[in-house]
Q: 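Take this structure first; my questions come after.
These numbers come from a predicted model, not from an experiment.
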Amino acid sequence: MRCREFITFIGGAALSKGMEKMMRRFTLLVLVALLGGADRMAAQETVETRGITSAIKIDEVIFGHLTELNGKFKLRATEITFAPDGYVGVHHHVGPGIRYVISGELIFAEGGQETVYKAGEYYFETGNLAHTAQNKTNVPLRVLVVEILPKDWTAPVMIAPKSQ
């Protein structure tokens, strides 16, 4: 269906040829802008990873005594395995959470400071601070990540900082 026929079909008046040409250009410009922006957004959302696998173990919407949270957020537990030399580049998270090192050693770098977390240790991430995580050993590293997310969240939880 041609542009003029479409406008007439949806109840609009017939357009002059000049107006029709301008509408086509505008539509094309908007389409190019949207597609270009989508590429940049996708590039911004990419976090460098190497040797990482993950499995969501539980994903439950919160309901309980804290009524102000009910139905708005969920708790998600994900087991992440880092192969030897596995790495997650600079990123932050959608929400805060607790991390538990199941096995191996994690090198966690944030604000120019590296911390080593070993099997059996816990730590907390606020979610809004950029950091990296790496397994510098020759054995697999397993980490349990428990985090609070918006109830309908389906996108990746690791987000590349906008400055990248």
Side-chain angles (χ1 to χ4, degrees), residues 25-164:
R25 286 182 181 166
F26 177 74
T27 302
L28 182 59
L29 179 62
V30 169
L31 182 60
V32 167
L34 288 173
L35 292 175
D39 288 343
R40 280 193 297 281
M41 282 178 37
Q44 284 180 340
E45 294 176 5
T46 302
V47 175
E48 177 189 359
T49 60
R50 172 177 71 240
I52 304 296
T53 58
S54 65
I56 296 173
K57 299 298 185 177
I58 192 165
D59 197 42
E60 291 290 329
V61 176
I62 296 172
F63 286 98
H65 295 293
L66 299 173
T67 56
E68 60 276 4
L69 301 178
N70 288 346
K72 297 176 187 171
F73 299 95
K74 65 181 171 182
L75 284 176
R76 177 183 288 168
T78 306
E79 186 176 319
I80 301 174
T81 301
F82 290 67
D85 200 36
Y87 174 78
V88 177
V90 178
H91 67 284
H92 59 92
H93 295 273
V94 175
I98 296 169
R99 288 30 172 166
Y100 173 70
V101 180
I102 299 168
S103 64
E105 289 185 5
L106 173 70
I107 305 297
F108 181 84
E110 180 179 82
Q113 180 179 349
E114 283 190 355
T115 304
V116 177
Y117 293 102
K118 297 180 180 186
E121 295 182 329
Y122 294 86
Y123 64 100
F124 177 76
E125 285 187 46
T126 60
N128 62 334
L129 301 175
H131 57 278
T132 62
Q134 185 170 9
N135 176 9
K136 292 185 179 180
T137 73
N138 60 358
V139 296
L141 160 69
R142 291 175 41 229
V143 178
L144 180 65
V145 173
V146 179
E147 55 200 333
I148 299 170
L149 301 170
K151 75 171 182 138
D152 296 324
W153 192 264
T154 58
V157 294
M158 292 189 303
I159 301 169
K162 290 182 172 115
S163 62
Q164 280 191 326

Q: Which heavy atom in Ala130 sits nearest to a heavy atom in Pro161, and how many Å separate them?
A: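 Shortest heavy-atom separation between Ala130 and Pro161 comes out as CB-CG, 3.9 Å.
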Q: Taking only residues at least two apart or on different chains, which pairs with a member in residues 51-74 satisfy ring pair (Phe, Tyr, Trp, His ring centres under 6.0 Å)?
A: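 Listed once each, the pairs would be none.
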Q: Over all heavy atoms of both residues, which pair between Glu147 and Val157 is shortest? Give the atoms and the distance, please.
A: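 So the minimum-distance heavy-atom pair works out to OE2-CG2, 3.6 Å.
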Q: Which pair of heavy atoms, one from Ile52 and one from Ile80, lies closest together, and at what distance?
A: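 Closest approach of Ile52 to Ile80, heavy atoms only: CG2-CG2, 3.8 Å.
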Q: So which heavy atom on Ile148 is nearest to which on Leu75, and how close?
A: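 The pair with the smallest heavy-atom distance is CG1-CD2, 3.7 Å.
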Q: Give the table of side-chain donor-acceptor pairs shorter than 3.5 Å for residues 106-125, with sequence neighbours excluded, one pair per line with atom names and distance.
A:
residue: Glu121; atom: OE1; partner: Lys118; partner atom: N; Å: 2.7
residue: Glu125; atom: OE1; partner: His93; partner atom: NE2; Å: 3.1
residue: Glu125; atom: OE1; partner: His131; partner atom: NE2; Å: 2.8
residue: Glu125; atom: OE2; partner: Arg99; partner atom: NE; Å: 3.0

Q: Sorted by first residue and then second, give each salt bridge (Lys or Arg N to Asp or Glu O under 4.0 Å) pair with at least one member in residues 61-72; sequence neighbours left out.
A: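 Output for this query is empty, none listed.
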Q: Drop me the distance from Thr46's OG1 to Met158's CE, to the nearest 0.5 angstrom.
A: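 Separation between the atoms: 10.5 Å.
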Q: Please say which of Val139, Val88, Thr53 ends up in a side chain to side chain contact (heavy atoms under 4.5 Å, CB included) with Phe82.
A: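 Output: one option passes, namely Val88.
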Q: For Leu129, does the CG atom have more than 12 heavy-atom neighbours from other residues, nucleotides or ligands under 6.0 Å away?
A: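 Yes.
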Q: Pairs in or reaching into residues 140-159: which pass ring pair (Phe, Tyr, Trp, His ring centres under 6.0 Å), with residues at least two apart or in two chains?
A: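 As it turns out, there is no ring pair (Phe, Tyr, Trp, His ring centres under 6.0 Å) pair with a partner in residues 140-159 once direct neighbours are skipped.
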Q: Side-chain contact, heavy-atom cut-off 4.5 Å: Val143 with Ile102?
A: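 When only atoms from C-beta onward are counted, Ile102 and Val143 do not touch, as no gap falls below 4.5 Å.
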Q: Under the criterion side chain to side chain contact (heavy atoms under 4.5 Å, CB included), I'd like the reasoning laid out for Thr132 against Tyr87: C-alpha separation, chi angles, the key distance, then a yes or no.
A: CA-CA 8 Å; Thr132 62; Tyr87 174 78; 3.7 Å; yes
Q: Identify, with sequence neighbours excluded, every residue that meets side-chain hydrogen bond (donor to acceptor under 3.5 Å, both in side chains) alongside His92.
A: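 side-chain hydrogen bond (donor to acceptor under 3.5 Å, both in side chains) check on His92 returns nothing, list empty.
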Q: side-chain hydrogen bond (donor to acceptor under 3.5 Å, both in side chains) with Thr137: which residues, sequence neighbours excluded?
A: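 Only Asn135 meet the side-chain hydrogen bond (donor to acceptor under 3.5 Å, both in side chains) criterion with Thr137.
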Q: Sequence neighbours left out, what passes side-chain hydrogen bond (donor to acceptor under 3.5 Å, both in side chains) with Ser54? Give chain and number order.
A: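 Residues passing side-chain hydrogen bond (donor to acceptor under 3.5 Å, both in side chains) with Ser54: none at all.
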Q: Can you name the closest pair of heavy atoms from Gly95 and Leu149 and give their distance?
A: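 In this case the closest contact between Gly95 and Leu149 is N-CD2, 4.3 Å.
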Q: Taking only residues at least two apart or on different chains, which pairs with a member in residues 76-85 satisfy side chain to side chain donor-acceptor pair (under 3.5 Å)?
A: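 Every side chain to side chain donor-acceptor pair (under 3.5 Å) pair that includes a residue of residues 76-85, provided the two are not neighbours, is Asp59-Arg76, Glu79-Arg142, Asp85-Gln134.
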